[in-house]
Amino acid sequence: LISYDATASDLKSALEQMPYVNNVDVRREVDDDNPDGYLWFVTFATNVGPQPSFSVDTSNLIGLNPTGFSISRDVTGELPDDYDVVFVQDPSMTSFNLTDLETGKTYYVRISSTVDEGKKVSLPTLPVECAPGGVPGEVKLPYMRAFDNETVLVSFEAAVESNGAPVEDYIIEYSLADPSFSTSSKITVQPSHEFQR
């Protein structure tokens with residue numbers, strides 16, 4: 001039961017105990033057309049997309065206007081662009097491959113645990129975004145030193161984060177007098193620990 005003059009926090013608490021409602025934000029205002037009444041604005045904070053309408057049982061209300069309670073929808077929820085959901089039925093599973101994604105496109109993921117009543121707790125992943133098979137990360141520990149009077153030894157850490165796609169080549173650029181490398185020579189080498197030139 002919810003009081004006829006429930007505060008915003010009272011209504012929020014009551015609604016969040018209902019199946020499939022999950023987290024909501026509630027705001028209460030005085031009804032300008034009826035100073036003895038209130039308006040409650042409910043926004044679904046965690047459920048995604050269009051939500052089913054609420055229904056109200058006013059049989060326990062008394063007073064001058066016990067049936068004067070109405071529900072309307074101001075904004076219809078919409079699913080985000082390129083949104084999909086996967087249900088994992090095995091509660092012992094702690095990892096899952098999202099397949100058939102677009103290479104280099106950024107994806108955001110959140111994971112929810114649920115119970116039979118539809119209650120769920122949602123948390124975003126860390127990091128909050130990831131692009132499958134995108135641009136590899138930077139090489140680590142690039143270093144060079146004189147090796148002899150005609151050779152410079154260039155070394156780098158080959159274990160670069162590949163971001164889902166294998167690193168196929170490294171490109172080493174060198175220039176005699178142009179640190180901006182607008183004019184430079186290039187060498188392509190296969191992944192290995194070091195290369196000398």
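We're numbering straight along the sequence, starting at 1.
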Should [X] and [Y] be regarded as members of a common hydrophobic cluster, given that ILVMFWY residues are connected when their side-chain heavy atoms come within less than 4.5 Å of each other, either directly or indirectly?
X: Ile71; Y: Leu15; value: yes
X: Val56; Y: Leu39; value: no
X: Tyr83; Y: Val86; value: no
X: Phe87; Y: Val48; value: yes
X: Leu176; Y: Leu153; value: no

Across all chains, not counting sequence neighbours, the ring pair (Phe, Tyr, Trp, His ring centres under 6.0 Å) partners of Tyr108 are none
Got a sec: does the CG of Asp31 have more than 12 other heavy atoms crowding it under 6.0 Å? yes
Is it the case that more than 12 heavy atoms not belonging to Tyr4 sit under 6.0 Å from its OH atom? no
Val26 side chain near Val24 side chain, heavy-atom distance below 4.5 Å: yes
Tyr107 side chain reached by Glu102 side chain, heavy atoms, under 4.5 Å: yes
Under 3.5 Å: donor-acceptor pair, side chain of [X], backbone of [Y]:
X: Tyr174; Y: Ile187; answer: no
X: Thr188; Y: Ile171; answer: no
X: Trp40; Y: Lys12; answer: no

Give a yes-or-no answer on whether the side chains of Asp90 and Ser92 include a donor-acceptor pair shorter than 3.5 Å. yes
Pair Asp10, Thr7: side-chain N/O donor-acceptor within cut-off below 3.5 Å: yes
Let me confirm one number: the [atom1]-[atom2] distance from [X] to [Y], rounded to the nearest 0.5 Å.
X: Leu11; Y: Tyr38; atom1: CG; atom2: OH; result: 13.0 Å
X: Asp100; Y: Asp84; atom1: CG; atom2: CG; result: 10.5 Å
X: Ile111; Y: Thr94; atom1: CD1; atom2: OG1; result: 10.0 Å
X: Ser185; Y: Ile172; atom1: OG; atom2: CD1; result: 12.5 Å
X: Ser175; Y: Lys186; atom1: OG; atom2: NZ; result: 12.0 Å
X: Leu101; Y: Asp82; atom1: CG; atom2: CG; result: 10.5 Å

Is there a side chain to side chain contact (heavy atoms under 4.5 Å, CB included) between Val154 and Tyr143? Walk through the geometry before answering. CA-CA 6 Å; Val154 177; Tyr143 176 76; over 6 Å; no
Please find the pair of heavy atoms, one from [X] and one from [Y], that lie closest to each other, and give the distance.
X: Ala8; Y: Arg28; answer: CB-N, 4.1 Å
X: Val152; Y: Met144; answer: CG1-CB, 3.9 Å
X: Val21; Y: Phe44; answer: O-CD2, 3.8 Å
X: Asn22; Y: Glu16; answer: O-CG, 3.0 Å
X: Asp25; Y: Ala45; answer: OD2-CB, 4.0 Å

For Glu29, which residues count as a salt bridge (Lys or Arg N to Asp or Glu O under 4.0 Å) partner, sequence neighbours excluded? Arg27
Stepwise side chain to side chain donor-acceptor pair (under 3.5 Å) test for Thr125 and Arg110: CA-CA 6 Å; Thr125 57; Arg110 69 177 182 178; over 6 Å; no
Quick one: do Thr151 and Asp148 satisfy side chain to side chain donor-acceptor pair (under 3.5 Å)? Show the steps, please. CA-CA 5 Å; Thr151 306; Asp148 58 31; 3.0 Å; yes
Check the pair Asp5 / Ser3 against side chain to side chain donor-acceptor pair (under 3.5 Å), numbers first and verdict last. CA-CA 5 Å; Asp5 61 349; Ser3 173; 2.5 Å; yes
